[in-house]
Amino acid sequence: MELVKGIQLEHWNEHEHEWLAIYPLQPTDFEKQHGIWPLRIGANIAKPHYHIGPRVTHNYYLLCVLEGTGTFIQQKKQYHLQPNDIFCLFPQVIHEYYCDPQQPIKKLILAFDGKQALATLARLGLTPEHPHMPNRVVDRTISAFLNLIHQHQQALARLHGMYAIFQSLELPTPLVL
C-alpha cells in the first residue's frame with residue numbers, strides 16, 4: 001500500500017478506523033541504559049471516519065502528518081493538522097484527534113520512552129503545553145523514518161535511526177526546559 005508518492009510499506013493491517021503498519025521494537029537492556037529508546041515505528045492511513053480518543057497513552061508518540069487534514073485536541077486546546085505538521089502525545093495527558101473525512105490523514109508514528117524524552121522533544125519545540133508544530137516535516141524526516149522502519153532489527157541501528165528522526169526536526173534554537 002502506498003503511503004505517499006512512491007513510498008510503499010509492507011505488512012499493513014486493516015482496523016476499524018485506519019490502515020496501520022506498525023513495527024514493534026523490543027528495547028534491549030543496552031538501549032534502556034540510554035536516556036531515550038524507541039518502542040514502535042510505523043505509519044497509518046486514516047479512513048474517512050478516523051477518530052481517536054479521548055484517551056491517554058503510557059509512552060511518548062511523535063506523529064508526522066504527510067497528507068490530509070484534521071484536528072488534534074490536547075489540554076482543551078485545538079490544533080489544525082496539515083501536511084508536514086508534527087504533534088506529540090505525552091504520557092498520561094488526555095488527547096483526541098480526527099481527520100477531515102474529505103482529506104484523511106496519512107502519518108508516520110514513532111513511540112518512545114526514557115528519562116530524556118521531554119528534553120529531546122523540547123529540542124523539536126514540543127512540550128506538553130505546546131504539543132504541535134506546523135510545517136516541520138522535511139524529506140530528511142521521511143527518509144529517517146523509512147530507514148528506521150527498514151533497519152529496526154539491531155539496537156544501535158534503532159538508536160541511530162531514532163536520533164536521525166529527531167535531528168531532522170530539531171529547531172535551530174532548541175527550547176530549554
Side-chain angles (χ1 to χ4, degrees), residues 1-25 36 38-53 55 57 59-74 77-90 93 95-112 117 120-127 130-152 157-158 160-172:
M1 182 173 288
E2 188 170 83
L3 181 60
V4 291
K5 292 179 272 183
I7 298 175
Q8 303 232 1
L9 293 179
E10 297 179 15
H11 311 294
W12 288 96
N13 292 307
E14 185 173 11
H15 298 272
E16 181 182 351
H17 298 280
E18 66 190 336
W19 286 92
L20 191 60
I22 286 290
Y23 303 87
L25 310 174
I36 188 171
L39 297 169
R40 285 178 283 297
I41 184 81
N44 88 327
I45 298 173
K47 294 181 179 180
H49 60 282
Y50 184 79
H51 188 153
I52 300 296
R55 70 176 189 182
T57 64
N59 307 110
Y60 297 87
Y61 282 81
L62 176 65
L63 305 157
C64 299
V65 179
L66 301 177
E67 292 182 6
T69 61
T71 302
F72 171 54
I73 304 166
Q74 185 168 286
K77 292 183 186 173
Q78 286 194 14
Y79 305 90
H80 180 67
L81 299 174
Q82 301 183 103
N84 301 319
D85 287 3
I86 60 174
F87 64 107
C88 186
L89 310 180
F90 289 86
V93 177
H95 64 270
E96 178 176 9
Y97 55 101
Y98 52 91
C99 69
D100 176 339
Q102 304 303 312
Q103 299 179 58
I105 288 177
K106 293 182 179 183
K107 67 182 181 301
L108 295 167
I109 303 162
L110 173 63
F112 55 96
T120 301
L121 288 166
R123 297 188 71 81
L124 313 183
L126 298 169
T127 66
H130 298 96
H132 171 260
M133 292 282 296
N135 203 31
R136 298 286 305 157
V137 177
V138 295
D139 289 342
R140 201 167 46 130
T141 308
I142 297 168
S143 295
F145 263 93
L146 294 174
N147 285 339
L148 182 54
I149 287 170
H150 295 300
Q151 300 174 4
H152 66 274
R158 286 192 295 263
H160 174 75
M162 178 187 61
Y163 281 114
I165 291 168
F166 294 143
Q167 183 181 19
S168 76
L169 296 167
E170 186 174 25
L171 293 173

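When every heavy atom of W19 is checked against every heavy atom of K47, the shortest pair comes out as NE1-CE, 4.0 Å. Shown here for A117 and Y60, the closest heavy-atom pair between the two residues is CB-CE1, 3.4 Å. Contact detail for P48 and C99: the closest heavy-atom pair is O-SG, 3.8 Å. When all heavy atoms of P83 and G68 are compared, the closest pair comes out as CD-O, 3.2 Å. Pairing each heavy atom of P131 with each of Y79, the nearest pair is CD-OH, 3.2 Å. Shown here for C88 and L126, the closest heavy-atom pair between the two residues is CB-CD1, 4.0 Å.
From E96, atom CD reaches atom OG1 of T71 across 9.5 Å, with rounding to the nearest 0.5 Å. The line from CZ of F72 to NZ of K77 is 11.0 Å long, rounded to the nearest 0.5 Å. Note: L169 CG to R123 CZ = 13.0 Å, rounded to the nearest 0.5 Å. Going from atom CG of L89 over to atom OH of Y61 covers 8.0 Å, rounded to the nearest 0.5 Å. The CG atom of L121 sits 6.0 Å away from atom CZ of F166, with the distance rounded to the nearest 0.5 Å. To the nearest 0.5 Å, atom CD1 of residue I105 and atom CD of residue Q82 are 10.0 Å apart.
Looking at heavy atoms from C-beta onward, V137 lies out of side-chain contact with V65 at the 4.5 angstrom threshold. Residues I109 and R40 form no side-chain contact, since every pair of their non-hydrogen atoms from C-beta on lies 4.5 Å or further apart. In this structure, the side chains of P104 and Y50 stay at 4.5 Å or more apart for every pair of heavy atoms. Side chains of L108 and T141 form no contact here, defined as non-hydrogen atoms less than 4.5 Å apart. Counting only heavy atoms from C-beta outward, the side chains of L124 and M133 never approach each other to under 4.5 Å.
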(message) Checking T69 against Q102 for the side chain to side chain contact (heavy atoms under 4.5 Å, CB included) test, could you report, in this order, the C-alpha distance in whole Å, the side-chain angles of both residues, the deciding distance, and whether it holds?
(response) CA-CA 9 Å; T69 61; Q102 304 303 312; over 6 Å; no

(message) With side-chain hydrogen bond (donor to acceptor under 3.5 Å, both in side chains) as the criterion, how do E16 and H49 come out once you've worked through the C-alpha distance, each side chain's angles and the decisive distance to 0.1 Å?
(response) CA-CA 9 Å; E16 181 182 351; H49 60 282; 5.2 Å; no

(message) The test is side chain to side chain contact (heavy atoms under 4.5 Å, CB included); show your working for L39 and L25 and say whether it passes.
(response) CA-CA 5 Å; L39 297 169; L25 310 174; 5.7 Å; no

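Partner of N44 under the side chain to side chain donor-acceptor pair (under 3.5 Å) criterion, chosen from H17, K107, H15: K107.
Aromatic ring pairs are classed by plane angle as parallel below 30°, tilted from 30° to 60° and perpendicular above 60°; the pair F87 and Y97 is perpendicular.
Remark: side-chain polar atoms of D85 are paired, donor with acceptor, to backbone N or O of N135 under 3.5 angstrom. Using modelled atom types, no side-chain atom of H132 and backbone atom of Q78 make a donor-acceptor pair closer than 3.5 Å.
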